[in-house]
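Presented below is the structure to which this report refers.
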Protein chains: 2
Amino acid sequence: MTSPYSLNWENSSDERHDVNLRERKKRRTRDALLRAALELFATRGYEETTVDDIAAAVDVSQRTFFRYFAGKEETAFFVPRLAEALVVDAVRARPPHEAPLEALRRAVLESWDTINEAVEEHVPIELHLRVYRVIESTPALLAAHLRRAAELEEQLAGIIAEREGLDVDADPRPRIVVALFGGVIRVTERLWSAGDDLTIEGMRELTATYLDQVGPALAGNWRAGQSP
Amino acid sequence: MTSPYSLNWENSSDERHDVNLRERKKRRTRDALLRAALELFATRGYEETTVDDIAAAVDVSQRTFFRYFAGKEETAFFVPRLAEALVVDAVRARPPHEAPLEALRRAVLESWDTINEAVEEHVPIELHLRVYRVIESTPALLAAHLRRAAELEEQLAGIIAEREGLDVDADPRPRIVVALFGGVIRVTERLWSAGDDLTIEGMRELTATYLDQVGPALAGNWRAGQSP
DNA sequence: TGTCAATTGTCAGTGGCTGTCATTAGCCTC
DNA sequence: GAGGCTAATGACAGCCACTGACAATTGACA
């Protein structure tokens with residue numbers, strides 16, 4: 001920190017990340033724990049997997065597991081965390097002339113395309129897709145998932161408000177639009193995880209289809225119009 | 001069940017509920033545990049309260065606590081559970097000619113009026129209102145709260161679909177509208193619990209105001225129009 | 001009053017998670 | 001390349017939520 005190289009360290013910390021054996025080893029055990037956990041969740045179930053099981057699968061002590069992850073839950077949300085970061089960045093990068101819903105829509109669809117490589121660096125996506133069903137069907141994980149989603153929405157509301165030059169706390173509209181958007185996403189998530197097309201592309205298509213329904217869903221009375 | 005009185009028992013079970021000493025005693029300890037738990041949560045915080053604390057406050061064993069409640073969490077959501085039931089009933093009772101959002105809006109505002117008596121039978125509402133802040137600010141409880149909300153939305157979507165003569169799984173619109181509605185409710189909940197008017201009336205007003213914003217929030221571009 | 005069933009307490013055990021301390025293993029300098 | 005430094009690990013003890021099992025108690029009802 002106070003060494004003459006401190007500035008260099010700050011800037012090149014990414015490159016230094018994997019150079020020494022120490023760091024490489026750390027990353028290896030971390031990814032191994034992650035994969036072991038997800039594999040066990042996907043096959044045996046979340047509640048049926050103990051932290052001891054995970055640690056044993058990688059042949060480290062339980063204590064070591066907790067030094068890499070704050071809790072069992074954190075392993076299950078490793079990929080979602082990456083995805084959320086991508087979405088936030090994508091929304092930030094949207095041209096300011098787009099309407100809020102349009103910007104959100106494009107950002108999400110776009111980030112579905114980049115998610116692959118970001119994830120595969122640590123675990124095979126296919127593995128996460130299997131874990132996703134577990135998240136949706138395990139009460140404790142579903143609850144955590146929804147809380148994370150709520151936090152994401154709060155962030156997005158802030159970004160949207162900024163785009164539109166509004167104050168999030170004074171004007172309810174950013175939060176409302178984001179809530180609507182988030183609701184649609186959740187509906188598609190559930191549908192997708194319940195169906196059998198467990199691919200990223202399937203998710204992408206579903207999302208696109210449902211987001212297109214938002215307008216019609218809110219317009220007028222449904223009974224007069226034709227089927228969706 | 002197979003006794004000659006079984007039918008009578010079924011029908012008059014409500015009246016029989018408090019007649020014998022056994023039942024009265026059970027209800028008393030149950031309500032005492034509930035109040036003790038909420039009181040402790042409100043003053044000391046949720047995580048800082050152990051089940052042993054709650055049991056000790058009522059002078060029963062920890063094991064007995066778990067015979068009355070499935071877990072620590074359940075005590076915190078006693079009032080919300082009542083409220084949810086009221087909302088569901090209120091939506092079901094709405095005249096079928098009302099549009100979905102209108103029916104939901106009226107049902108919720110209406111149930112805020114009946115919630116008082118339903119709750120006070122067990123614990124003072126004022127106590128729950130204090131606990132509500134704890135729910136919003138405790139990650140584990142917030143997560144559980146959001147999961148409950150999601151389940152409620154699923155129920156409401158079913159009811160709305162039925163009103164409109166639609167199939168929830170074939171037509172996305174009921175779920176989308178309910179998601180929008182739920183989103184608005186969540187926004188008001190957060191705002192209300194963050195403010196200082198912690199009364200049912202305050203909540204009612206906030207809800208009404210925000211629900212009125214739903215239309216404007218979705219209409220056109222915000223930058224051209226005037227302030228909300 | 002005595003029998004039966006329900007309520008409760010006690011005890012032991014599991015699983016998630018944390019603090020502590022000694023041991024190990026990579027790193028860096030001389 | 002030996003030795004000191006520091007970071008990573010393991011082993012152990014302990015807290016808390018929660019559960020199963022069994023014995024003791026207590027209200028119900030004939």
Side-chain angles (χ1 to χ4, degrees), chain A residues 1-5 9 13 16-33 36-37 40-41 44-77 138-141 143-144, chain B residues 1-6 8-9 13 16-33 36-37 40-41 44-77 138-141 143-144:
Chain A
M1 270 269 233
T2 53
S3 106
Y5 299 105
W9 286 1
S13 63
R16 283 189 72 81
H17 231 340
D18 277 350
V19 289
N20 25 230
L21 177 54
R22 232 133 50 212
E23 295 301 323
R24 263 180 294 148
K25 233 178 163 180
K26 260 172 39 177
R27 176 168 178 153
R28 236 182 298 145
T29 43
R30 185 188 161 82
D31 283 354
L33 282 170
L40 285 167
F41 295 163
R44 194 188 303 181
Y46 180 75
E47 313 272 20
E48 290 71 30
T49 304
T50 71
V51 174
D52 283 314
D53 292 335
I54 303 169
V58 184
D59 204 58
V60 296
S61 71
Q62 189 217 50
R63 197 64 183 83
T64 292
F65 172 90
F66 283 110
R67 284 200 254 259
Y68 281 97
F69 299 96
K72 200 169 75 157
E73 208 181 86
E74 198 178 292
T75 58
F77 289 105
T138 305
L141 290 183
Chain B
M1 267 272 231
T2 53
S3 103
Y5 299 107
S6 62
N8 265 353
W9 286 3
S13 64
R16 284 190 71 81
H17 230 343
D18 277 350
V19 292
N20 24 240
L21 176 54
R22 263 234 263 263
E23 295 300 324
R24 264 180 294 148
K25 235 176 161 178
K26 261 173 36 179
R27 174 163 180 159
R28 237 183 297 146
T29 42
R30 186 187 161 83
D31 284 354
L33 282 169
L40 285 167
F41 295 163
R44 193 187 304 181
Y46 180 76
E47 314 272 19
E48 291 70 29
T49 303
T50 71
V51 174
D52 283 314
D53 291 336
I54 303 170
V58 184
D59 204 58
V60 295
S61 71
Q62 190 217 50
R63 197 64 183 82
T64 294
F65 172 91
F66 283 109
R67 289 202 178 95
Y68 281 97
F69 300 96
K72 199 168 77 157
E73 209 180 85
E74 199 177 291
T75 58
F77 289 104
T138 305
L141 290 182

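It should be emphasised that the depicted structure is a prediction, and the values quoted were computed from it without experimental measurement. Letters go in sequence order (proteins before strands), and every chain restarts at 1.
- Without hydrogens or angle criteria, B:K25 side chain to B:N20 main chain gives no donor-acceptor distance under 3.5 Å.
- The shortest non-hydrogen separation linking A:A140 to A:E73 is O-OE2, 4.5 Å.
- Considering only the side chain of B:R22, D:dT26 comes nearest among C:dG16, D:dT26, D:dC16.
- Comparing C:dT20, C:dT18, D:dA21 by their nearest atom to the side chain of A:R67 picks out C:dT20.
- Side-chain proximity of B:N20 to the nucleotides D:dC18, D:dA28, D:dT9 is greatest for D:dA28.
- Put simply, CZ on A:F65 is 17 Å from P on D:dA8, counting in whole angstrom units.
- Listed nucleotides C:dG16, D:dA17, D:dT9 differ in distance to B:F66; the shortest reach to its side chain belongs to D:dA17.
- The OH-C1' distance, from A:Y46 to C:dG16, rounds to 9 Å in whole Å.
- Separating the CG atom of B:L141 from the P atom of D:dA17 is a distance of 12 Å, rounded to the nearest angstrom.
- Close to D:dG10, at under 4.0 Å from its OP1 or OP2, lies a side-chain N or O of A:T64.
- Distance, B:I54 CD1 to D:dA17 C1': 11 Å, rounded to whole Å.
- Across the protein-nucleic acid pair, A:R63 atom CZ and C:dG19 atom P stand 7 Å apart, rounded to whole Å.
- Distances shown here put every side-chain N or O of A:K25 at or beyond 4.0 Å from the OP1 or OP2 atom of D:dA8.
- Counting only distance, with no hydrogens or angles, the side chain of B:T50 and the backbone of B:D53 share a donor-acceptor pair below 3.5 Å.
- For the atom pair CZ of A:F69 and CD1 of A:I54, the computed distance is 9.0 Å after rounding to the nearest 0.5 Å.
- Checking C:dG9, D:dA28, D:dG10 against the side-chain heavy atoms of A:S61 singles out D:dG10 as nearest.
- Protein atom CG of B:D52 is 12 Å distant from nucleotide atom P of C:dT10, rounded to whole Å.
- Straight-line distance from the CG atom of B:L33 to the C1' atom of D:dC18: 16 Å, rounded to whole Å.
- Here D:dT9 presents its C1' atom at 12 Å from NZ of A:K26, a figure rounded to the nearest Å.
- Backbone-only engagement by B:Y68 is indicated by non-hydrogen atom pairs under 4.0 Å involving sugar-phosphate atoms exclusively.
- Only one option out of A:V51, A:T75, A:V60 pairs with A:L33 in a side-chain contact (heavy atoms from CB on, under 4.5 Å); it is A:V60.
- Remark: the A:R24 side chain and the C:dG26 base include no donor-acceptor N/O pair separated by less than 3.5 Å.
- For the pair A:T29 and B:A70, both in contact range of DNA chain D, the more 5′-proximal nearest nucleotide belongs to A:T29.
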